[in-house]
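Because the structure is predicted, anything quoted here is derived from the model rather than measured.
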Amino acid sequence: MRDLSIIVPVYAGEQETKAALVSIVSTIQKFPPVNVAVQVIIVDDASPEPPITTYLKALANTLPSLITLLHNPVNLGFVASVNKALALHPNHDVVLINSDAEVFGNWLERLILCATSGAKVASVTPFSNNATLASYPITGVANALPLDVTGAQLDALAAKVNAKQSVEVPTGVGFCMWMSRDAINEIGNLDEAAFGRGYGEENDWCLRATAAGYRHLLCTDVFVHHIGE
């Protein structure tokens with residue numbers, strides 16, 4: 001298992017961004033993956049919200065050994081921001097995660113276990129309330145969380161009931177997706193030329209990986225809350 005880069009492109013949404021980053025940092029600190037060094041790479045994609053830029057700088061300065069902050073002088077969009085971060089640690093596997101997603105518990109350890117559960121795995125995606133084919137309980141829609149159940153509780157239930165279980169899927173979902181560095185090295189990065197500012201680029205990457213003989217897994221024992229839109 002390679003070391004790991006968690007890539008978080010950031011543009012807007014101060015409260016969502018703070019919640020996402022707090023969840024990522026706190027879970028890594030509390031549940032560090034065994035024998036895997038983790039680096040969080042935040043890309044400030046020329047955010048139009050000054051409080052976000054201020055917060056990101058303060059967070060990176062507070063945790064310099066864990067967080068690397070990249071700043072785009074002009075807005076490049078999701079795809080170019082991800083590719084910029086991919087080049088920073090060329091030997092790392094990767095987790096892409098949106099700045100409006102919230103993770104829980106030892107989610108990363110479970111995601112890594114799923115990624116290493118078999119050969120030729122290119123991507124791993126967790127369950128979510130809002131993640132197209134990975135949406136729960138209804139696939140393909142943005143599910144509102146029940147008033148009496150939190151995202152953390154759903155994740156804990158998934159970890160218990162679906163422990164170490166996964167199913168093969170035709171594509172990963174980029175809101176929170178582990179990517180194999182072997183696959184990246186073989187088929188390349190996300191396609192900036194074709195997908196510009198973003199949307200559908202992870203499906204293209206996954207289909208290219210499939211054509212090269214790789215597989216994609218839905219990690220059913222991880223649940224990640226995603227606001228979306």
Side-chain angles (χ1 to χ4, degrees), residues 1-47 49-73 76 78 80-116 123-126 128 151-152 155-156 159 172 174-181 184 189-190 219 222-227:
M1 188 67 197
R2 288 186 173 92
D3 291 338
L4 186 73
S5 292
I6 298 178
I7 297 174
V8 191
V10 174
Y11 179 66
E14 180 184 1
Q15 296 307 313
E16 295 86 349
T17 297
K18 287 181 177 180
L21 291 174
V22 167
S23 74
I24 292 167
V25 169
S26 63
T27 55
I28 291 171
Q29 290 177 324
K30 189 172 183 180
F31 303 102
V34 177
N35 298 324
V36 177
V38 178
Q39 186 72 24
V40 179
I41 305 172
I42 303 170
V43 186
D44 180 354
D45 194 16
S47 175
E49 300 179 22
I52 289 182
T53 297
T54 300
Y55 174 77
L56 297 180
K57 289 179 179 178
L59 185 63
N61 289 334
T62 301
L63 298 167
S65 63
L66 177 61
I67 296 175
T68 299
L69 177 61
L70 305 179
H71 178 76
N72 296 339
L76 300 179
F78 184 86
S81 294
V82 168
N83 284 346
K84 182 178 180 179
L86 284 174
L88 197 60
H89 298 293
N91 294 319
H92 284 198
D93 290 322
V94 174
V95 172
L96 305 184
I97 186 163
N98 286 8
S99 61
D100 61 349
E102 187 176 3
V103 294
F104 311 100
N106 65 336
W107 69 282
L108 189 55
E109 180 181 358
R110 283 174 275 146
L111 209 65
I112 291 171
L113 284 173
C114 186
T116 56
S123 78
V124 176
T125 304
S128 177
D155 179 64
F175 87 103
C176 179
M177 185 176 80
W178 178 92
M179 299 172 68
S180 159
R181 180 60 66 169
I184 295 169
N189 291 350
L190 303 179
C219 181
V222 180
F223 178 89
V224 175
H225 182 247
H226 182 217
I227 295 174

*Is there a side-chain contact (heavy atoms from CB on, under 4.5 Å) between Lys84 and Asn72 once you walk through the steps?*
CA-CA 10 Å; Lys84 182 178 180 179; Asn72 296 339; 2.8 Å; yes
*Run the side-chain contact (heavy atoms from CB on, under 4.5 Å) check on Leu69 and Leu59 step by step: do they pass?*
CA-CA 9 Å; Leu69 177 61; Leu59 185 63; over 6 Å; no
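Atom CG in Asn189 sits 7.5 Å away from atom CE in Met179 (nearest 0.5 Å). Rounded to the nearest 0.5 angstrom, Ile227 CD1 and Ser128 OG are separated by 10.5 Å. With values rounded to the nearest 0.5 angstrom, Leu108 atom CG is found 5.0 Å from Ile6 atom CD1. Expressed to the nearest 0.5 Å, how far CZ of Phe78 lies from CG of Leu96 amounts to 5.5 Å. In this structure, Leu88 CG and Leu70 CG are separated by 5.5 Å, a value rounded to the nearest 0.5 Å. Taking CG from Leu86 and CD1 from Ile41, the interatomic distance works out to 8.0 Å, rounded to the nearest 0.5 Å.
For the residue pair Tyr11 and Ile52, the shortest heavy atom distance occurs at O-CD1, 3.9 Å. Contact between Ala87 and Pro90 at its shortest, heavy atoms only, is O-CD, 3.7 Å. Of all non-hydrogen atoms in Asn98 and Gly174, the two that sit nearest each other are OD1-O, 3.6 Å. In terms of heavy atoms, Ala85 sits closest to Val43 at CB-CG2, 4.0 Å. Between Ala101 and Val224, the shortest heavy-atom contact is CB-CG1, 4.0 Å. Taking all atoms of both residues into account, the shortest heavy-atom contact from Ala37 to Asp3 is N-OD1, 3.0 Å.
In this view, Asp45 satisfies the salt bridge (Lys or Arg N to Asp or Glu O under 4.0 Å) rule with no residue, not counting sequence neighbours. Here Lys18 pairs with Glu14 under the side chain to side chain donor-acceptor pair (under 3.5 Å) rule; sequence neighbours left out. With sequence neighbours left out, His225 forms a ring pair (Phe, Tyr, Trp, His ring centres under 6.0 Å) with no residue at all. The side chain to side chain donor-acceptor pair (under 3.5 Å) test applied to Ser123 returns His216, not counting sequence neighbours. With sequence neighbours excluded, the residues that form a side chain to side chain donor-acceptor pair (under 3.5 Å) with Asp44 are Thr53, His71. The side chain to side chain donor-acceptor pair (under 3.5 Å) search around Trp107 returns Thr27, not counting sequence neighbours. Remark: Ala80 engages Leu76, Glu192 in a side-chain contact (heavy atoms from CB on, under 4.5 Å) (not counting sequence neighbours). Taking the ring pair (Phe, Tyr, Trp, His ring centres under 6.0 Å) definition, one finds that Phe104 meets it with nothing, sequence neighbours left out.
In this structure a side-chain-to-backbone donor-acceptor pair under 3.5 Å is present from Arg181 to His92. Side chain of Glu16 to main chain of Ser99: no donor-acceptor pair is present (N/O by atom type, distance under 3.5 Å, no hydrogens or angles). Proximity of a side-chain donor or acceptor of Ser23 to a complementary backbone N or O of Val103 within less than 3.5 Å is detected.
The only member of Leu63, Ile7, Ile67 that meets side-chain contact (heavy atoms from CB on, under 4.5 Å) when paired with Val40 is Ile67.
Between Val36 and Asp93, every side-chain heavy-atom pair lies at or beyond the 4.5 Å cut-off. Residues Phe175 and Asp100 are not in side-chain contact: their nearest non-hydrogen atoms beyond the backbone lie 4.5 Å or more apart.
Listed by first and then second residue, the side chain to side chain donor-acceptor pair (under 3.5 Å) pairs that reach into residues 28-41 are Gln39-Thr68, sequence neighbours excluded. Among pairs with a residue in residues 103-112, those fulfilling salt bridge (Lys or Arg N to Asp or Glu O under 4.0 Å) read Arg110-Asp155, at least two apart in sequence or across chains.
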